[in-house]
Amino acid sequence: MTGNGSQDYFSRNSANYNIAEDLFMQWAKSKCTYCARIGFDEKKSNISLFYHLNPIIRNLPDYIIKNNGRLFLVNVKGTANIKEKEMKILPKLIESFASEKVPLVYAFCFRDKEPQFIKTDKLIELYEAGIKKVWSDGVVYKTIKL
């Protein structure tokens with residue numbers, strides 16, 4: 001079973017498989033000289049009460065990669081739906097994790113496509129241009145135009 005960005009939180013996270021991260025890892029193995037998971041995989045983690053952790057800890061970047069001689073911190077997304085609460089803390093994530101030489105980027109990974117990498121400033125711009133929507137569980141999000 002896999003989750004998707006059109007489902008509510010419970011349905012999305014009851015899936016035990018993250019296709020976007022698997023697609024990213026396939027790409028990284030073929031294109032990067034280094035790739036390591038650094039963030040939490042809540043689908044495979046046995047951490048109970050995960051969402052009681054501080055949001056900055058919960059939102060550690062998913063991966064660190066070395067590509068074309070540069071390091072990047074990467075958050076992997078399998079949908080163009082971005083939660084409002086994630087965007088609200090994005091400036092803190094940038095301040096906490098990114099640096100001038102090692103940026104935080106988002107990789108949007110879909111079947112039969114190369115990952116689409118977006119810098120955080122561009123992601124903020126795309127998000128601001130989107131229209132607010134609400135899932136059935138009350139979570140506010142926008143669908144960005146990739």
Side-chain angles (χ1 to χ4, degrees), residues 2-9 12-135 139-146:
T2 60
N4 67 64
S6 65
Q7 298 169 312
D8 67 22
Y9 174 83
R12 288 189 315 275
N13 287 298
S14 65
N16 58 6
Y17 180 67
N18 189 325
I19 186 70
E21 290 195 7
D22 284 351
L23 293 169
F24 178 79
M25 284 300 299
Q26 289 172 20
W27 173 86
K29 285 178 183 176
S30 69
K31 304 286 185 184
C32 298
T33 55
Y34 179 80
C35 178
R37 177 142 189 109
I38 56 173
F40 293 100
D41 184 346
E42 64 275 4
K43 295 185 189 318
K44 296 179 183 173
S45 173
N46 289 327
I47 300 173
S48 63
L49 304 176
F50 174 79
Y51 285 93
H52 289 248
L53 291 170
N54 180 290
I56 300 297
I57 298 294
R58 283 197 320 262
N59 286 280
L60 285 169
D62 296 315
Y63 295 92
I64 184 168
I65 62 170
K66 185 174 183 184
N67 183 268
N68 295 325
R70 289 190 62 202
L71 290 176
F72 297 89
L73 295 167
V74 183
N75 275 334
V76 175
K77 298 291 183 187
T79 176
N81 295 332
I82 307 293
K83 292 179 264 186
E84 179 180 65
K85 63 184 175 183
E86 182 174 354
M87 292 306 297
K88 283 184 177 180
I89 67 165
L90 185 55
K92 289 181 182 178
L93 298 177
I94 296 165
E95 181 182 342
S96 298
F97 304 124
S99 70
E100 186 178 318
K101 296 196 183 234
V102 183
L104 173 64
V105 297
Y106 281 69
F108 290 85
C109 300
F110 305 104
R111 291 181 201 263
D112 302 319
K113 294 182 180 179
E114 289 275 314
Q116 183 174 352
F117 290 91
I118 297 181
K119 294 178 180 180
T120 51
D121 57 340
K122 181 66 175 178
L123 180 62
I124 291 168
E125 181 184 311
L126 292 170
Y127 186 84
E128 288 174 353
I131 298 169
K132 273 190 183 182
K133 302 174 187 177
V134 181
W135 279 306
V139 174
V140 177
Y141 71 99
K142 293 182 181 181
T143 303
I144 63 167
K145 291 185 181 181
L146 296 172

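Positions are given from 1 along the sequence. Keep in mind the model is a prediction, meaning the values are calculated, not measured.
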- [ ] Determine the minimum heavy-atom distance between Ile38 and Pro61, stating which atoms define it.
- [x] CG1-O, 3.1 Å
Open item on the list: Taking the basic N atoms (NZ, or NE/NH1/NH2) and the acidic carboxylate oxygens, is any pair closer than 4.0 Å for Glu95 and Lys92?
Closed with: no
Task: Candidate pair Leu90 and Tyr127, rule side-chain contact (heavy atoms from CB on, under 4.5 Å), full reasoning - done: CA-CA 11 Å; Leu90 185 55; Tyr127 186 84; over 6 Å; no
Open item on the list: How close do Lys142 and Ile131 get, counting heavy atoms only, and between which atoms?
Closed with: CG-O, 3.5 Å
Task: Backbone of Tyr106 reached by a side-chain donor or acceptor of Asn75 within 3.5 Å - done: no
Task: Check: Asn67 side chain, Lys31 main-chain N or O, donor-acceptor pair, under 3.5 Å - done: yes
Task: Nearest heavy atoms of Lys133 and Thr143, plus distance in Å - done: NZ-OG1, 3.0 Å
TODO: Take Phe97 and Val102 through the side-chain contact (heavy atoms from CB on, under 4.5 Å) test and state the conclusion after the steps.
DONE: CA-CA 9 Å; Phe97 304 124; Val102 183; over 6 Å; no
- [ ] Report the distance from atom SG of Cys35 to atom CD1 of Ile65, rounding to the nearest 0.5 Å.
- [x] 6.5 Å
Task: Heavy-atom pair of closest approach, residues Ala80 and Phe110 - done: N-CZ, 4.2 Å
Open item on the list: For the OG atom of Ser96 and the CG atom of Leu73, what is their distance to the nearest 0.5 Å?
Closed with: 11.5 Å
Task: Nearest-0.5 Å distance that lies between atom CZ in Phe72 and atom CD1 in Ile64 - done: 11.0 Å
- [ ] Using the side-chain contact (heavy atoms from CB on, under 4.5 Å) rule, take Leu71 and Lys101 through it: C-alpha gap first, then chi angles, then the decisive distance, then the call.
- [x] CA-CA 7 Å; Leu71 290 176; Lys101 296 196 183 234; over 6 Å; no
Open item on the list: Could you measure the distance from the CZ atom of Phe40 to the CZ atom of Arg58? Nearest 0.5 Å is fine.
Closed with: 10.0 Å
Open item on the list: Tell me the closest heavy-atom pair linking Leu146 and Gln116, and the distance in Å.
Closed with: CB-OE1, 3.6 Å
- [ ] Give a yes or no on whether Asn68 atom CG has more than 12 heavy-atom contacts from other residues, nucleotides or ligands under 6.0 Å away.
- [x] no
- [ ] Look at the side chain of Arg37 and the backbone N and O of Gly39, then say whether any donor-acceptor pair between them is shorter than 3.5 Å.
- [x] yes
TODO: Report the distance from atom CD1 of Ile94 to atom CD1 of Ile89, rounding to the nearest 0.5 Å.
DONE: 10.5 Å
TODO: Measure the shortest side-chain to side-chain distance between Val105 and Val74 over non-hydrogen atoms and say whether it is less than 4.5 angstrom.
DONE: yes
- [ ] For the residue pair Phe108 and Ile82, establish whether any side-chain heavy-atom pair is separated by less than 4.5 Å.
- [x] yes
- [ ] Give the ring-plane orientation class for Tyr141 versus Trp135, where under 30° counts as parallel, over 60° as perpendicular and anything between as tilted.
- [x] parallel
- [ ] Report the C-alpha distance between Val139 and Val134 in whole Å, list the side-chain angles of each, state the deciding distance to 0.1 Å, and finish with yes or no for side-chain contact (heavy atoms from CB on, under 4.5 Å).
- [x] CA-CA 6 Å; Val139 174; Val134 181; over 6 Å; no
Task: Approximate separation, where rounding is to 0.5 Å, of Glu128 CD and Leu123 CG - done: 10.0 Å
Task: Heavy-atom closest contact (Gly78 atom, Ala20 atom, distance) - done: CA-CB, 3.3 Å
